[in-house]
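For reference, the structure discussed in these notes is given below.
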Number of protein chains: 2
Amino acid sequence: MPPASHGQLTRAAILRAASQLATVEGLEGLSIGQLASATGLSKSGLYAHFGSKEELQLATIEAARLIFVEEVIRPGLDAPRGIRRLLATCDAFLSHVERKVYPGGCFFAAAAAEVGTRRGAVHDAIAAQQRRWLELLEQQAREAQEMGELSTDIDPSQLAFELESLLVGANTTFILFEDGNAFERARRAIRQRLGLVDRDSNHHRRRPRRLA
Amino acid sequence: MPPASHGQLTRAAILRAASQLATVEGLEGLSIGQLASATGLSKSGLYAHFGSKEELQLATIEAARLIFVEEVIRPGLDAPRGIRRLLATCDAFLSHVERKVYPGGCFFAAAAAEVGTRRGAVHDAIAAQQRRWLELLEQQAREAQEMGELSTDIDPSQLAFELESLLVGANTTFILFEDGNAFERARRAIRQRLGLVDRDSNHHRRRPRRLA
DNA sequence: CCTACCGATCGGTAGG
DNA sequence: CCTACCGATCGGTAGG
């Protein structure tokens, strides 16, 4: 890579601030004036980087996607393929919410709730990212099945929906109530759903599954 | 009850429109001017009913709470106490989203995602409602346990978190993708979690639970 | 990247 | 409930 120019660094700093502001104010509530004073630039300085608010929103979503890859996807890929990777991905998601990478929790959870009813490029970008994320969980579940670490009775697509619901449920609970117990709740539910612990307690299970 | 005055009817009509608009624009994005043209009143006409935007937001939340009781809580109470009531409550939630009582799905799911990071009366009203809803699910789970219809290995508070996560997950998926399959996914996950179906398929279960 | 500006809309008020 | 208005902020542009 060539060294980043001053303009590129400024742009990166703007988008970092924008993605953080967006989890608090929303992608629509994020205003150019607010972002200008948060970055120390003038409004028209921002327009030198982004021609319109929608372009800024789309660039912010792309920046948030890269952060999501670094914070959630990559830690998952550091774990060995199979059930460990699926678990590591879920744990990395919870961890990045818990560590307050964004003040408003998961960027995409906030965005999905906000733009669901709208139409246009911003909605489509959020929906596409959400779809890719569900497909990643689904794919990791399939790999775990192929390795014999996850029951083939489980429908990977159904499982991805359930895992994502629990992850976002923990995110919302944590942000709304400042209740860190939500993460433990989600982790427990996920491990149970993957067949990694006994059902609700240490009793009554026929064949406890263990990692190799 | 005395007959509703004209002012009361107007107020009710305003709040109905406001709660619908809020699921699309957000509680903050809901503007007085927008609401004025949606109801055919002038802006100052609205200020005759609500002294400030925050008062309007709080009144809108209260109106949405009453609708939630009618649409979700009451259908649940029509079912007999126990596991049927818990299931009926969950199904009523999914049904009211599916029937698009609000254009943006569940009012409180949208509001919780929006106001989580804010401080003040609006945040507190949404958090209080969310807490009551979780306690209702928890209480219905406890009743099901007392009647021997739900395993006492299950922690009612943990279960309430999981059910709420699945319900909101279906809501968000439906709104974002216009994917009606989300409801079937949530229903399947909920029935499995309650021990009402075999684990992931029709095989391998020791003691299938059935309704009396 | 800046200053200076545009029309539109925001929440809210005066006065009736 | 209305008209008429307030200052502030919105997204965006002209011109440099």
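Heavy-atom basis, side chains included; hydrogens, waters and symmetry copies ignored. To find a chain, count down the sequence lines: A is the first, B the second, and so on, and within it residues start at 1.
- Closest heavy-atom contact between B:Ala92 and B:Val72: CB-O, 3.7 Å.
- Residue B:Phe50 contributes atom CZ, which lies 13 Å from atom C1' of D:dC1 at whole-angstrom precision.
- No donor-acceptor contact under 3.5 Å links the side chain of B:Ser44 to the base of C:dT13.
- Aromatic ring centroids of B:Phe107 and B:Phe68 lie 6.0 Å or more apart.
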>> For a side-chain hydrogen bond (donor to acceptor under 3.5 Å, both in side chains) check, start with the C-alpha distance between B:Thr173 and B:Arg185, then their side-chain angles and the critical distance, and finish with the verdict.
In response: CA-CA 10 Å; B:Thr173 302; B:Arg185 289 238 163 91; over 6 Å; no
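- Nearest nucleotide to the side chain of B:Lys43, out of D:dG11, C:dG11, C:dC1: C:dG11.
- Between the OH atom of A:Tyr47 and the P atom of C:dC1 there is a distance of 16 Å, given to the nearest Å.
- Taking 4.0 Å as the cut-off between side-chain N and carboxylate O, B:Arg193 and A:Glu162 do not count as a salt-bridged pair.
- Rounded to an integer number of Å, the gap from B:Gln57 CD to C:dC10 P is 14 Å.
- Of the candidates D:dC10, C:dG12, D:dC1, the closest approach to any side-chain atom of B:Leu41 belongs to D:dC1.
- Nucleic acid contact class of A:Leu56 (heavy atoms, under 4.0 Å, all strands): none.
- Among the protein residues, B:Leu46 comes within range of no part of the nucleic acid, since none of its heavy atoms lies under 4.0 Å from any strand.
- A salt bridge is absent between B:Arg132 and B:Glu135: the closest approach of a Lys/Arg side-chain nitrogen to an acidic carboxylate oxygen does not fall below 4.0 angstrom.
- The CG atom of B:Leu30 sits 12 Å away from the P atom of C:dG12 (whole-angstrom rounding).
- In the set C:dC1, C:dG11, D:dC1, the nucleotide with an atom closest to the side chain of B:Thr10 is D:dC1.
- Distance NZ (B:Lys53) to C1' (C:dG12): 12 Å, rounded to an integer number of Å.
- The interatomic distance linking A:Glu28 (CD) with C:dC10 (C1') rounds to 14 Å, in whole Å.
- Between B:Gln34 atom CD and C:dC10 atom C1' the separation is 11 Å, expressed in whole Å.
- Nucleotide C:dA8 is matched to D:dT9 when pairs are restricted to Watson-Crick or G-U wobble geometry with both distances under 3.5 angstrom.
- Summarising the geometry, the separation between CD on B:Glu55 and P on C:dG11 is reported as 14 Å, rounded to the nearest angstrom.
- Pairing partner, D:dG16: C:dC1, with both Watson-Crick or wobble hydrogen-bond distances short of 3.5 Å.
- Across all strands shown, B:Ser42 has heavy atoms under 4.0 Å from base atoms, whether or not it also approaches the sugar-phosphate.
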